[in-house]
Amino acid sequence: MPKLYLKEYAHALAGREVFIACREGILRDNFQEIIDDIKFLTRYGARTTLLHNMPNRFANQKLIRQLESRLPETIIVRINPEVDFYDAVLGHKESMYKVIFLERRFLIDREGHKINAVTTGRVRETLEDVGDLIANVNFKGAMACICQKIEAGHCDRVHILPAGKNTIKHELFTVEGTGTLIANNFEESFHRLETDDQVDIVFRILAMYRRGGYLKPRSKAYIKDNRQRFFVTAIDGIFVGCVEQKIIDARTVELGALAISTRFRNQRVGVYTVRSFMDLMVAQGYTRFISLTNNPRLQALYDQLGFVQESLPEYHRRQVKSPDVCMFYKTVE
């Protein structure tokens, strides 16, 4: 089960408006789960609005009353079932910080894998062939409207989540997330590891890579004892990448434990992390960088950044410790 990082991520929601949009059938099928998630958001300071299109007929009166009684701090908006639901949601308010669409599925790529985060530019590139992105055919027409809303600066974040137990909670308060985030103004930061809670998050990111067989184990105690050597990348306050500083000699630093959370793959987080780390090390006087990895994704990243794959003789002692692992290096003039 994903671990919640409430203290780290709740501050981004405190006092902010969060709009949760859910069509009638999905609301019926996930009624209790949706209520639980919305109550959780309000407990952590979010100002919530639930938009649904449940018809106002006699058979629905009990559910409508339950929404109002069980979500007293949430604004409940019923959209006329005769109008386009997605247009009505996006047009509900001119400025909307975060909109969460609860759907049957998240966005998917051509291989059927979940897309964790995507820009409007990437969405527009595929609108002519939307089958590789959108599992819900009813959602196709909404994509252009979502892009327009974000690009006009009237909405910061749109999430497409599969409705279910804890789906909103796990999207907003875990490293892994549960659905797809569409945004353009991702806020990036890079800094040294600081707190014990941050140590725990880095340990979780590294554990994902360790399971893939590309990374030597780092215990939580090791990370905690060497936290001054670990640096993290955060997007919107969510930790998505890390790297360990391993000093080889007076001019050389190894990029150890380089790992990027799957949540923000293909968003150039790896490029940002490596470049930020190198800039910081160059400012400290280091001019050469090495890394040893057999991870195809990291090898492609190093190729992209101008690293050369070669085992240099001056680093023979380091290579011996990982004899079957490819070495990459780059010298900064």
Side-chain angles (χ1 to χ4, degrees), residues 175 186-196 198-206 208-210 214-261 264-322 325-333:
V175 172
F186 295 116
E187 297 178 0
E188 300 172 318
S189 64
F190 183 82
H191 58 83
R192 193 184 303 273
L193 193 59
E194 297 170 348
T195 67
D196 289 346
Q198 293 175 2
V199 166
D200 191 53
I201 297 175
V202 167
F203 175 74
R204 193 170 187 88
I205 294 174
L206 293 178
M208 298 177 193
Y209 270 67
R210 186 178 67 249
Y214 295 122
L215 193 66
K216 291 182 178 179
R218 266 87 165 172
S219 68
K220 194 177 297 185
Y222 173 85
I223 300 171
K224 184 176 181 179
D225 291 342
N226 296 277
R227 71 175 63 179
Q228 75 281 357
R229 290 167 35 187
F230 280 85
F231 297 82
V232 291
T233 292
I235 294 182
D236 289 352
I238 298 173
F239 282 29
V240 297
C242 62
V243 61
E244 180 184 5
Q245 174 195 37
K246 301 179 74 173
I247 298 174
I248 303 299
D249 56 39
R251 70 164 181 162
T252 309
V253 174
E254 177 181 348
L255 291 88
L258 177 61
I260 306 300
S261 168
F264 281 89
R265 275 183 183 167
N266 303 319
Q267 297 302 309
R268 298 184 63 79
V269 176
V271 172
Y272 174 80
T273 301
V274 173
R275 284 180 172 167
S276 297
F277 177 79
M278 291 176 63
D279 289 345
L280 190 61
M281 294 300 104
V282 167
Q284 296 180 18
Y286 297 99
T287 58
R288 177 170 285 181
F289 300 87
I290 67 171
S291 184
L292 288 88
T293 182
N294 283 336
N295 185 331
R297 286 183 177 272
L298 294 186
Q299 290 179 345
L301 171 63
Y302 288 135
D303 286 340
Q304 178 185 351
L305 292 173
F307 281 69
V308 176
Q309 181 182 338
E310 183 181 348
S311 296
L312 297 177
E314 55 263 50
Y315 306 120
H316 174 71
R317 292 178 60 183
R318 174 63 186 90
Q319 182 72 79
V320 167
K321 295 179 181 178
S322 306
V325 182
C326 297
M327 177 180 287
F328 293 78
Y329 80 92
K330 182 174 182 176
T331 303
V332 178
E333 301 297 336

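For the numbers below, each heavy atom of this structure counts, side chains included, while hydrogens, waters and symmetry mates do not. Residues: numbered from 1 along the sequence shown. Quantities reported herein were computed from a predicted structural model and do not represent experimental measurements.
In this structure, the side chains of Q299 and N294 come closer than 4.5 Å at one or more pairs of heavy atoms. F203 has its side chain out of reach of Y222: every pair of non-hydrogen atoms, C-beta onward, lies at least 4.5 Å apart. Looking at V271 and L305, their side chains come closer than 4.5 Å, going by heavy atoms from C-beta outward. By the 4.5 Å heavy-atom criterion applied to side chains, Y329 and E314 are not counted as neighbours. Residues F289 and V282 form a side-chain contact, since some pair of their non-hydrogen atoms from C-beta on lies under 4.5 Å apart. Side-chain contact between I235 and Y272: absent, with no pair of heavy atoms (C-beta onward) separated by less than 4.5 Å. Inter-residue side-chain proximity for E254 and L292 is flagged as met; some heavy-atom pair is nearer than 4.5 Å.
In this structure, NE2 on H191 lies 14.5 Å from CZ on F230, to the nearest 0.5 angstrom. Atom CD1 of residue I201 and atom CG of residue L206 lie 12.0 Å apart, to the nearest 0.5 angstrom. With rounding to the nearest 0.5 Å, the separation of CG in L258 from CG in L301 is 6.5 Å. Expressed to the nearest 0.5 Å, how far CG of L298 lies from CD of Q304 amounts to 12.0 Å. Here the CD-OH distance, from E310 to Y315, works out to 11.0 Å after rounding to the nearest 0.5 Å. From K321, atom NZ reaches atom NZ of K216 across 8.5 Å, with rounding to the nearest 0.5 Å.
Other residues, nucleotides and ligands place no more than 12 heavy atoms under 6.0 Å from the NZ atom of K224.
Taking every heavy atom of both residues into account, V202 and C242 meet most closely at CG1-SG, 3.9 Å. Minimum heavy-atom separation, A259 to I205: CB-CG2, 3.9 Å. Across all non-hydrogen atoms, the minimal contact from V332 to M278 is CG2-CE, 3.8 Å. Here the shortest heavy-atom pairing between K246 and G256 reads CD-CA, 4.1 Å.
A donor-acceptor pair is defined here as one N or O able to donate and one able to accept, closer than 3.5 Å; such a pair exists between the side chain of Q319 and the backbone of V325.
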Give the intermediate values and the outcome of side chain to side chain contact (heavy atoms under 4.5 Å, CB included) for residues R288 and D249.
CA-CA 10 Å; R288 177 170 285 181; D249 56 39; over 6 Å; no
Just do the side chain to side chain contact (heavy atoms under 4.5 Å, CB included) check on V253 and F277 with the steps written out, would you?
CA-CA 10 Å; V253 174; F277 177 79; 3.6 Å; yes
With side chain to side chain contact (heavy atoms under 4.5 Å, CB included) as the criterion, how do F190 and L280 come out once you've worked through the C-alpha distance, each side chain's angles and the decisive distance to 0.1 Å?
CA-CA 10 Å; F190 183 82; L280 190 61; 4.3 Å; yes
Full working for side chain to side chain contact (heavy atoms under 4.5 Å, CB included) between T233 and V269:
CA-CA 8 Å; T233 292; V269 176; 4.0 Å; yes
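Between Y302 and F328, a ring centre-to-centre spacing shorter than 6.0 Å is recorded.
Exactly one of D200, D196, D225 qualifies for a side chain to side chain donor-acceptor pair (under 3.5 Å) with K220. That residue is D200.
A donor and an acceptor atom, one from each side chain of Q245 and Y286, are nowhere located under 3.5 Å apart.
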